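The structure under discussion appears below in the form of structure tokens.
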Amino acid sequence: MKTKSLYISSIEPYSGSLIVSMGLMEMLKARFERVAFFRPFIERKERPDSDISFMLEHFALKMDYEDAYGFYTDEVQEFVSQNRVQPLLSNLLEKFKKLQQEYDFVLCEGLNRESFSLSIGFDLNVQVSKNLGTPFISVLNAKEKSVKEVSDEIKIQQDTLRAEGSTHFATFINRTDAQLRSALKEKFSKEAFTFVLPEIEELDRPSVAEVVEKLGCNMLFADEESLKRSIKRSKIAAMSLENYLSRMQDGDFVIVPGDRADIIVGALAAYHSKKHPHISGIILTGDLIPSSEVLSLFEGTDNSWALPVLSSQKDTFSVALEVNSVRSRIRPQSDRKIALALGIFNANVQVSQIEGKFLSYESKTLTPLMFEYSLFESARKEKKRIVLPESLDERILRATEILLRRDVADIILLGDAQEIKFKASSLDLDISKAQIINPHESELMEPFSEDFYEQRKAKGLTRIAAKDAMTHLSYFATMMVQTGHADGMVSGAVHTTQDTIRPALQIIKTKKGTDLVSSLFFMCMDTRVLVYADCAVNQDPSAQELAQIAIASADTAVAFGLSAKIAMLSYSTGDSGSGEDVQKVKEATRLVKQLRPDLLVEGPIQYDAAIDPDVAASKLPQSKVAGEATVFIFPDLNTGNNTYKAVQRSAGAVAIGPIMQGLKKPVNDLSRGCLVADIVNTVAITAIQARSSE
């Protein structure tokens, strides 16, 4: 899908990220009706974040301030110190996705890395960009740097993004002088999306308004326009008027004790003189206000408010220090600075080039967090009732609380209500919204037993045996799914796969057109999600069964928003090997092509040729699947089960499954070593399957 977001970030402070944000926002507003601005992190201050406030007001963005940021930096550092980066990213992703649903485009601006504690040894912006699936824009501060230093920074940033699996969209090299700009343009002349912006001193100059805000001083004479005046430099007037006038320059901000009437009157006269420079303003120190006779000189002149006159209770030295510490900001009222910044951007950036790229860009990044979020969002669209028979397992109860709080599904727990509630209470869990059914006391026990008897009596099942079967929670839960009292079942945290699948095969049975139940794992790698099948059910499938597994797995992949490029795995690639096992895979591949000509499939193919583009280019250069496979079909259970576990351990992949396919209604298995997150994800998948099986 086309990208609907961009992520702007810099490593150093004062890199000019806001200028880039402004230029891109102006471009976006010209194309999209509703655009959002989002900062994942902001510093905790007494006033709102200046970049957010500016973007919301200047571009008239129709969103609330609270929706425009994620966390304060001190909160972020607490998450990281507790090794809870995943919950941090998960919360950011949820807020970001809500914006994506409500707006046509989301422009993100990160907080420079130096704003965080040195204990955070990685670039949070890269992690956030990757998990939001947002192309990354680097902004570099090139002030007082050499061409080599800038080049090295760009390479380090690109290598970091590549290693993390993030998409690098463009680089802006900002704050360059004429000589450096010329050299950089020459060096990066062949880099289409590297833009060099000049250093503009005026953008660094604070306004009188910013001095008023920082120092909290009083305004004796000032109006809205005079407060916009920029300050080139501050100057303490401690000498005689004659010497002061000879040293005065355009744009000076004069700091003078309030009892120096000579300097005050001289500055006013000079301001209105055509032969002297124009200062930007005066601040009177020491809590000393000139006499009414002196002040009347200001009131009696034309444009008396054009020269801002301020006063402060602090002494001259303290005021001078504070004035020099004021940083320039672009405000909604900074008309000149805004025009200058946008002018710089448009003069040095090929806007049409950027626009064309993001409109044609298709994100291939899919992190485990993004996949999990998509599962939750899809499950929420039409909530289903999922029954969990293993209700006394701590992991099941913890997962139940999460599922109910996230509103992913309605949960039914089987067992003694008093016992379940006591166990939950002892774990400090709130499962009050879950429905609890005790099969031994349920009015459903009799009709379920009779129904099961009718289904299986031809195979020798007696009524007594049918009733005994229903006392087993897996059978009772499966019958709930079959009769519509639940939409799906998840089990296996305590029981074996056979305990979960056998009742489903006896009661629910397989879909029309298939006589095979198979399993798959969603293997969530760092930046993509793959499908592995069959790794849990069929020990040594025939060629016909392998073809069924491949087709079912491809359809499941597509149903969950993944592309389907099938690799029929073998120890041989193409015609490089022979043997009975290779022939089985060849025949299975032929059957897939025959039964489903719409699917992309390659086989036999080795794992490295299926997943690695470089190996694929050598072994199968003409293949549309090699190097890009997303659905991996293993020739037998031994190979599949060992491979998924090896990849899970060595690559840090998140394995969700086994997910069952081929049944009329969804019943899914859990690994007995599963974590709470595995249960939550499997329930979400089951809910989505339930919707598609109706």
Side-chain angles (χ1 to χ4, degrees), residues 379 384-406 408-442 444-445 448 452 468-483 485-508 517 519 521 536-537 655-660 663 665-687 689-690:
K384 296 298 179 182
R385 297 160 299 167
I386 307 302
V387 59
L388 306 177
E390 301 161 317
S391 53
L392 288 177
D393 185 90
E394 179 179 333
R395 295 164 297 171
I396 294 292
L397 290 174
R398 292 192 182 281
T400 296
E401 183 184 56
I402 292 171
L403 289 160
L404 293 172
R405 289 187 172 184
R406 296 293 299 270
V408 173
D410 291 326
I411 301 300
I412 303 170
L413 299 173
L414 297 188
D416 181 82
Q418 188 174 355
E419 193 175 0
I420 293 170
K421 289 177 181 178
F422 176 80
K423 180 72 176 285
S425 177
S426 69
L427 296 169
D428 194 27
L429 300 175
D430 179 9
I431 61 166
S432 56
K433 292 183 180 179
Q435 181 183 3
I436 301 177
I437 296 175
N438 187 342
H440 299 285
E441 298 175 357
S442 173
L444 297 173
M445 177 62 79
F448 280 6
F452 187 48
D468 180 65
M470 285 304 117
T471 63
H472 295 275
L473 298 181
S474 291
Y475 273 92
F476 190 90
T478 304
M479 189 60 78
M480 287 187 71
V481 177
Q482 172 67 11
T483 58
H485 289 85
D487 299 304
M489 181 184 90
V490 174
S491 185
V494 178
H495 298 94
T496 67
T497 296
Q498 285 301 315
D499 289 332
T500 301
I501 298 305
R502 186 184 296 109
L505 289 173
Q506 292 177 351
I507 296 170
I508 295 176
V517 172
S519 73
F521 281 88
V537 177
I656 303 177
I659 304 302
M660 300 300 156
L663 292 167
K665 296 185 178 183
V667 170
N668 280 316
D669 189 30
L670 294 166
S671 165
R672 276 180 282 181
C674 65
L675 303 176
V676 172
D678 300 329
I679 301 169
V680 172
N681 289 330
T682 302
V683 169
I685 288 171
T686 307
Q689 287 179 316

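Small disclaimer: the values here were computed from a predicted structure and weren't measured. What you see below is based on every heavy atom in this structure, not just the backbone, and it leaves out hydrogens, waters and symmetry mates. Nothing fancy with the numbering, it's 1 onward along the sequence.
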Quick check for you: to the nearest 0.5 Å, what is the distance between Met479 atom CE and Met489 atom CE?
12.0 Å

Residues Ile437 and Met480: closest non-hydrogen pair is CD1-CE, 3.7 Å

Side-chain donor or acceptor of Ser425 paired with backbone N/O of Lys421 under 3.5 Å:
no

For Glu390 and His495, indicate whether the former's side chain and the latter's backbone hold a donor-acceptor pair under 3.5 Å.
yes

Output yes when Asp410 and Arg385 qualify as a salt bridge under the 4.0 Å nitrogen-oxygen rule, no when they do not.
no

Distance (rounded to the nearest 0.5 Å) between Leu403 CG and Ile411 CD1:
4.5 Å

Go through the steps to decide whether Val387 and Gln435 satisfy the test side-chain contact (heavy atoms from CB on, under 4.5 Å), and finish with yes or no.
CA-CA 9 Å; Val387 59; Gln435 181 183 3; over 6 Å; no

Check the pair Leu413, Leu397 against side-chain contact (heavy atoms from CB on, under 4.5 Å), reporting the backbone distance first and the verdict last.
CA-CA 9 Å; Leu413 299 173; Leu397 290 174; 4.2 Å; yes

Does a side chain donor of either Thr483 or His485 reach within less than 3.5 Å of an acceptor in the other side chain?
yes

Once rounded to the nearest 0.5 Å, what's the spacing between atom CZ of Arg395 and atom CG of Leu427?
12.5 Å

Show, in sequence, the C-alpha distance, side-chain angles and deciding distance for Ile659 and Phe521, and conclude whether the side-chain contact (heavy atoms from CB on, under 4.5 Å) test is met.
CA-CA 6 Å; Ile659 304 302; Phe521 281 88; over 6 Å; no

dist Gln506:CD -> Ile501:CD1 (nearest 0.5 Å) comes out at 11.5 Å

Listed partners of Thr496 passing side-chain hydrogen bond (donor to acceptor under 3.5 Å, both in side chains), at least two apart:
Asp499

Using side chain to side chain contact (heavy atoms under 4.5 Å, CB included) as the criterion, point out the one residue from Ile396, Asp393, Leu675 that pairs with Leu670.
Ile396

Those residues at least two apart in sequence (or on a different chain) that pass side-chain hydrogen bond (donor to acceptor under 3.5 Å, both in side chains) with Asp430 are Ser432

Under 3.5 Å, is there a donor-acceptor pair between the side chain of Lys665 and the main chain of Gln482?
yes

Non-hydrogen side-chain atoms of Arg406 and Val680 separated by less than 4.5 Å:
no

Taking every non-hydrogen atom, the tightest pair across Ile420 and Ser391
CD1-OG, 3.2 Å

How many angstroms lie between CD1 in Ile412 and CG in Leu388, if you round to the nearest 0.5 Å?
9.0 Å

Those residues that, when tested against Thr686, pass side-chain hydrogen bond (donor to acceptor under 3.5 Å, both in side chains) (two or more places apart)
Asn668

Working to the nearest 0.5 angstrom, can you tell me the gap between Leu414 CG and His440 NE2?
10.0 Å

Is it the case that the side chain of Ser442 and the backbone of Asn438 share a donor-acceptor pair, with hydrogens and angles ignored and the cut-off at 3.5 Å?
no

All heavy atoms of Met470 vs all of Phe476, minimum pair found to be O-CB, 3.5 Å

How close do Met660 and Ser519 get, heavy atom to heavy atom, and via which atoms?
SD-CB, 3.9 Å

Report the C-alpha separation of Lys423 and Glu419 in whole Å, then their side-chain angles, then the decisive distance to 0.1 Å, and conclude whether the salt bridge (charged side-chain N to carboxylate O under 4.0 Å, His left out) test is met.
CA-CA 6 Å; Lys423 180 72 176 285; Glu419 193 175 0; over 6 Å; no

Contact summary for Thr497 and Ala536, nearest pair of heavy atoms
CG2-O, 4.5 Å

To check you understand the geometry: which heavy-atom pair defines the closest contact between Val490 and Pro389, and what is its length?
O-CD, 3.3 Å

